[in-house]
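Since the structure comes first, as structure tokens, the remarks are kept for the end.
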Amino acid sequence: MARLRRALLAWYRRERRDLPWRRTDDPYRIWLSETMLQQTRVDTVIPYYERFLERFPSVDALACADEQDVLKEWAGLGYYARARNLKRAAEQIVRDHGSRVPSEASALEGLPGVGRYTSGAVRSIAFGEHAPIVDGNVKRVLARLTAEAELGDAENWDLAEALVPPSRPRGRPDQFNQALMELGATVCTPRSPRCTDCPVRSLCRAAERGTPEAFPRPARRASPREVEALGAIVSRRGRLLLTRRPSKGMLGGLWEVPCVGGDSLSGLVAEIERRTGLRTRDPRPVGSVRHAFTHRALTLRVVSLQPEPGRLRRASRDAARFCSSAEVADLPLSVLMRKTLALAGR
DNA sequence: AATACGGGGAG
DNA sequence: CTCCCAGTATT
């Protein structure tokens with residue numbers, strides 16, 4: 001175990017990538033990076049991380065922000081509950097922890113969107129505490145080191161706990177945890193691991209057997225279900241009708257052209273009237289958009305509709321409005337909706 | 001224990 | 001195309 005720590009730390013000191021969140025010790029920035037990195041690759045995160053911090057440089061700035069503005073910075077990154085939780089957590093930190101990101105596991109895990117992984121990452125990386133972390137990379141590295149096809153959650157966490165060094169300044173749990181993940185991300189990859197470059201190859205049971213890729217046993221997942229939806233381009237004097245999705249559920253809080261599941265035009269027209277009070281007519285086909293979600297494959301058929309004269313219901317302004325192109329650019333939109341607007345020539 | 005929740009990059 | 005990523009919340 002001491003050999004593993006030493007070899008991994010030496011390798012990490014040499015080979016680690018220069019990433020923005022490795023140039024700071026600000027717990028807020030570490031926390032933000034860990035949240036953005038949940039189920040999201042490093043290269044995808046970097047530009048979002050930089051822009052987000054420019055806009056919301058501190059816990060206080062985030063706590064004071066408008067949720068729509070936070071979602072706007074998050075738009076395109078996915079898993080939007082992360083952004084809504086981050087904003088709520090910032091408010092909680094201001095209220096309950098004097099605007100300082102807490103370092104106790106119980107306080108961290110009491111924040112929305114912070115689970116065992118993020119808690120451990122913030123505690124070890126930002127505060128130098130002896131806290132284990134288990135993410136997808138760590139699971140894979142541990143499965144290979146032990147040549148166990150299937151380690152349970154408890155076993156993974158126990159192993160990670162046993163490996164992580166004591167807290168700073170005696171040990172470097174921050175460097176060690178990042179090294180474990182870095183190894184999984186750059187060397188001990190899911191397919192075609194580069195064992196010849198691995199600093200702990202001599203300690204790896206899977207490499208010894210010559211079949212590192214067999215660990216862990218690949219999980220079989222259901223293929224995405226095909227779903228259909230119908231959306232409407234409704235414009236008036238160059239302004240486009242957009243509606244806001246409910247804050248719970250998929251793409252929560254983001255804006256979209258009015259949509260219904262299924263393929264019913266009358267259903268779409270009824271939905272628009274229900275949401276906005278607006279009657280529409282004269283449907284014309286615009287085209288269709290394909291978009292793949294993790295467990296759905298969506299085909300969105302798009303039609304244009306002409307609005308009859310009349311105002312939007314005033315009460316619905318937060319949930320539906322006619323937007324100029326400048327206003328559209330200022331709203332949080334999913335990638336699906338960007339594709340849809342591109343199709344409609346917006 | 002299973003499932004929902006985005007998007008994108010690698011092979 | 002398939003796989004899966006610095007996971008969390010909900011059921």
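Because the structure is a prediction, the values reported are computed rather than measured. Hydrogens, waters and symmetry mates are skipped; everything else that's a heavy atom, side chains included, is used. Labels below follow one simple rule: chain letters A, B, ... track the order of the sequence lines, proteins then strands, and each chain is numbered from 1.
Stem regions for DNA chain C, each three or more consecutive Watson-Crick or G-U pairs with both distances under 3.5 Å and listed by first number, read B:1-5 with C:7-11, B:7-11 with C:1-5.
Reading DNA chain B from its 5' end, the first and the last nucleotide to sit under 4.0 Å from a heavy atom of chain A are B:dA4 to B:dG9.
A:Phe215 belongs to no multi-residue hydrophobic cluster, having no ILVMFWY side-chain contact under 4.5 Å with any other such residue.
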N/O donor to acceptor pairs below 3.5 angstrom from side-chain atoms of residues 293-310 of chain A, sequence neighbours left out:
residue	atom	partner	partner atom	Å
A:Thr299	OG1	A:Arg290	NH1	2.8
A:Arg301	NE	A:Asp263	OD1	2.9
A:Arg301	NH2	A:Asp263	OD1	3.1

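Under the side-chain contact (heavy atoms from CB on, under 4.5 Å) criterion, A:Asp18 pairs with A:Arg23, not counting sequence neighbours. Evaluation of the side-chain contact (heavy atoms from CB on, under 4.5 Å) rule for A:Val335 yields A:His291, A:Lys339 as partners, not counting sequence neighbours. Considering only residues two or more places apart in sequence or on other chains, A:Ser264 meets the side-chain contact (heavy atoms from CB on, under 4.5 Å) condition with A:Ser266. Qualifying ring pair (Phe, Tyr, Trp, His ring centres under 6.0 Å) partners for A:Phe52, counting only residues two or more places apart in sequence or in other chains: A:Phe56, A:Trp74. Taking the side-chain contact (heavy atoms from CB on, under 4.5 Å) definition, one finds that A:Arg5 meets it with A:Met1, A:Pro165, A:Pro166, A:Phe176, sequence neighbours left out. Here A:Trp157 pairs with nothing under the ring pair (Phe, Tyr, Trp, His ring centres under 6.0 Å) rule; sequence neighbours left out.
Listed by first and then second residue, the side-chain hydrogen bond (donor to acceptor under 3.5 Å, both in side chains) pairs involving residues 183-193 of chain A amount to none (not counting sequence neighbours).
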message: Please encode protein proximity along nucleotides 4-11 of chain C as a string of B, S and -, counting only heavy-atom distances under 4.0 Å.
response: BBBBSS--
